[in-house]
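Computed from a predicted model, the values in this text were never measured in an experiment.
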Amino acid sequence: MARKRVDKTGKSISAAPAFRDQTALDEYTWVVETKQPLASRDIVDLDDLMGRLPFEQRLIRLPLLDDGENVTHVVSLATWDKL
């Protein structure tokens, strides 16, 4: 939260500030459709949006299935390293 200065816990992806718009939506969609975890690593550049220096982001998105069949939530965990 300190790096992006945003806490998105419990919020819809469409309600959160747009850091990785389509990429993040594609990741969530893939996790929901495949019911598989997803890991990624990329450079997040918030300089234009927030005046923050770029950083490397490693993240994992995990599907949660309340009924064992349908993804009802996706949990995401990210770590950030300075470039």
Side-chain angles (χ1 to χ4, degrees):
M1 189 168 109
R3 175 70 68 173
K4 290 184 180 176
R5 295 185 180 160
V6 160
D7 183 358
K8 297 185 272 186
T9 303
K11 296 178 183 163
S12 167
I13 188 170
S14 62
F19 299 124
R20 296 170 66 237
D21 284 346
Q22 193 59 49
T23 301
L25 183 57
D26 291 346
E27 290 171 354
Y28 279 103
T29 300
W30 188 89
V31 170
V32 170
E33 290 177 354
T34 66
K35 301 175 186 166
Q36 298 293 315
L38 176 136
S40 71
R41 186 173 117 187
D42 62 359
I43 303 301
V44 177
D45 186 351
L46 303 177
D47 189 39
D48 290 342
L49 186 63
M50 300 176 70
R52 311 276 297 165
L53 293 175
F55 56 91
E56 181 179 65
Q57 174 175 268
R58 293 182 187 117
L59 74 82
I60 186 166
R61 299 195 192 283
L62 305 169
L64 299 179
L65 295 80
D66 287 347
D67 61 5
E69 290 185 33
N70 300 298
V71 175
T72 53
H73 295 84
V74 176
V75 174
S76 299
L77 174 68
T79 62
W80 302 299
D81 292 320
K82 292 179 185 178
L83 294 178

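- Atom CG of Leu62 and atom CG of Leu77 lie 8.0 Å apart (nearest 0.5 Å).
- Residue Leu38 is grouped with residue Val74 when hydrophobic side chains (ILVMFWY) are merged at heavy-atom distances under 4.5 angstrom, including chains of intermediate members.
- Residue Thr79 holds its OG1 atom at 10.0 Å from CZ of Arg41, rounded to the nearest 0.5 Å.
- For Trp80 against Gln57, the heavy-atom pair with the smallest separation is NE1-OE1, 2.9 Å.
- Both Leu65 and Trp30 sit in one connected hydrophobic cluster of ILVMFWY residues. Membership requires side-chain heavy atoms under 4.5 Å apart, directly or through other members.
- Put simply, the side chain of Lys35 never gets that close to the backbone of Val71: no donor and acceptor are under 3.5 Å apart.
- With sequence neighbours left out, the side chain to side chain donor-acceptor pair (under 3.5 Å) criterion links Ser76 to Tyr28, Arg61.
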